[in-house]
Amino acid sequence: MVAERLKADCSRCFGLCCVAPAFARSSDFAIDKPAGHACPNLGDGFGCGIHASLRERGFAGCTVYDCFGAGQQVAQVTFAGRDWRSDPSSAAPMFAAFTVMRQVHELLWYLGEARSLPVGAALAATLDRALADTDTLTGLDAAALAAVDVEAHRSRCVPLLREASELARAGYRAAPLPADLMGANLRGADLRGAALRGALLVGADLRGADLRAADVIGADLRGADVRGARLDGALFLIQSQLDASRGDASTRIPERLTRPAHWAASATSGPASLGRAAGKRAAKPRRR
């Protein structure tokens, strides 16, 4: 089943997200690391040596990264279990393949979400074809995968996601929003059906807000306070958005996602949670 393959399984990966991407010293990362070089915290067994204290050690960016299962796909399928340390010649092609695979898997996630929405038969059939075409890319060998024009493929998929979103939000009349949403006071706001694609909600107060059927694809929720908010039913919400925000036990989240371990354990406002119990996820560096 495609959906199961889109969940990261770090035990079957070779620490690819800790090597392939670059990251720069910032509030998210304590050091500079060039692409293709292993993070100094990566252990011999491909595990993170400071996993339990990433935020405290200045690597908050690692805790909000999600490869959508691309790591284990490249490690176990594309390279059939050969790791880049025991086979150094595989390193460069493996890292290049991972960079593409991660984007392909992310598209699979969004297309799968769109397909689950109440869309008409014609769009459903088109989404099925797009899913099949995208899934086919995951089976390519390393050289063919690295040559994929991901942006061209994405440009064919994005209009389908927009159409599915518009159909799902058609019955809502979202209230007008402030022009600047960074740090905005949206506490208790009715945001059902709102178009929040790519919105900069950094540090926004969303306590008790209702975001059911709101399109949040690409929305930046870093530091957003979502305690007591209704995120169950938010369209295109992904794990890294939850991980970047601040919630608690009263925040309602979709069943397919995991409650971040750093969220407050006790409810401070709002109804009882409908989301999963808290669970620690494997930490990964944010893609740059």
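A distance of 4.5 Å separates CG in L54 from SG in C48, rounded to the nearest 0.5 Å. Of the inter-residue distances, the one linking L137 atom CG with H105 atom NE2 reads 10.0 Å to the nearest 0.5 angstrom. A distance of 8.5 Å separates OG in S250 from CZ in R227, rounded to the nearest 0.5 Å. To the nearest 0.5 Å, atom CZ of residue R197 and atom OG of residue S165 are 6.0 Å apart. To the nearest 0.5 angstrom, R230 atom CZ is 11.0 Å from D190 atom CG. Of the inter-residue distances, the one linking Q103 atom CD with H153 atom NE2 reads 11.0 Å to the nearest 0.5 angstrom.
In terms of modelled atom types and a separation under 3.5 Å, the side chain of S26 and the main chain of A24 share a donor-acceptor contact. Side-chain atoms of E113 come within 3.5 Å of backbone N or O of F236 as a donor-acceptor pair. Checking side-chain atoms of Q241 against main-chain N and O of A219 turns up a donor-acceptor pair under 3.5 Å. One N or O on the side chain of K33 and one on the backbone of V19 form a donor-acceptor pair closer than 3.5 Å. No donor-acceptor distance shorter than 3.5 angstrom exists from the side chain of R222 to the backbone of A244, with no hydrogens or angles considered. Checking side-chain atoms of D232 against main-chain N and O of A234 turns up no donor-acceptor pair under 3.5 Å.
Checking S240 against D243 by side-chain atom types alone, no donor-acceptor pair falls below 3.5 Å. Defined by atom type and a distance below 3.5 Å, a donor-acceptor pair is missing between the side-chain atoms of H262 and T63.
Aromatic ring pairs are classed by plane angle as parallel below 30°, tilted from 30° to 60° and perpendicular above 60°; the pair W84 and F95 is perpendicular. Ring geometry for Y110 against F68 counts as tilted: the plane angle lies between 30° and 60°, on a 0 to 90° scale. The aromatic rings of F14 and F46 lie tilted to each other, with the angle between the two planes from 30° to 60°.
Using a 4.0 Å cut-off between charged side-chain N and carboxylate O, D83 and R85 make no salt bridge. Ion pairing between a basic and an acidic side chain is recognised when a charged N comes within 4.0 Å of a carboxylate O; D248 and R259 show no such pairing.
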Yes or no on side chain to side chain contact (heavy atoms under 4.5 Å, CB included) for R55 and I50, after CA distance, side-chain angles and deciding distance? CA-CA 9 Å; R55 289 178 179 273; I50 60 169; over 6 Å; no
Applying side chain to side chain contact (heavy atoms under 4.5 Å, CB included), run through T126 and L160 and close with a yes or a no. CA-CA 8 Å; T126 305; L160 304 181; 3.6 Å; yes
May I have the step-by-step check of side chain to side chain contact (heavy atoms under 4.5 Å, CB included) for L111 and L161, ending in yes or no? CA-CA 7 Å; L111 288 168; L161 303 181; 3.9 Å; yes
Derivation and outcome, salt bridge (charged side-chain N to carboxylate O under 4.0 Å, His left out), residues R102 and E106: CA-CA 6 Å; R102 194 267 175 203; E106 182 180 33; 2.9 Å; yes
Working note: L235 + V216, criterion side chain to side chain contact (heavy atoms under 4.5 Å, CB included); need CA distance, chi angles, decisive distance, verdict. CA-CA 6 Å; L235 307 182; V216 298; 6.0 Å; no
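Looking at heavy atoms from C-beta onward, L131 lies in side-chain contact with R115 at the 4.5 angstrom threshold. Looking only at side-chain heavy atoms (C-beta outward), W263 and T251 come within less than 4.5 Å of each other. No side-chain heavy atom of I253 sits less than 4.5 Å from a side-chain heavy atom of L237.
Taking hydrophobic clusters as Ile, Leu, Val, Met, Phe, Trp and Tyr residues chained together by side-chain heavy-atom distances below 4.5 Å, I217 shares a cluster with L123.
The environment of CG in D44 is sparse: at most 12 heavy-atom neighbours from other residues, nucleotides or ligands sit within 6.0 Å.
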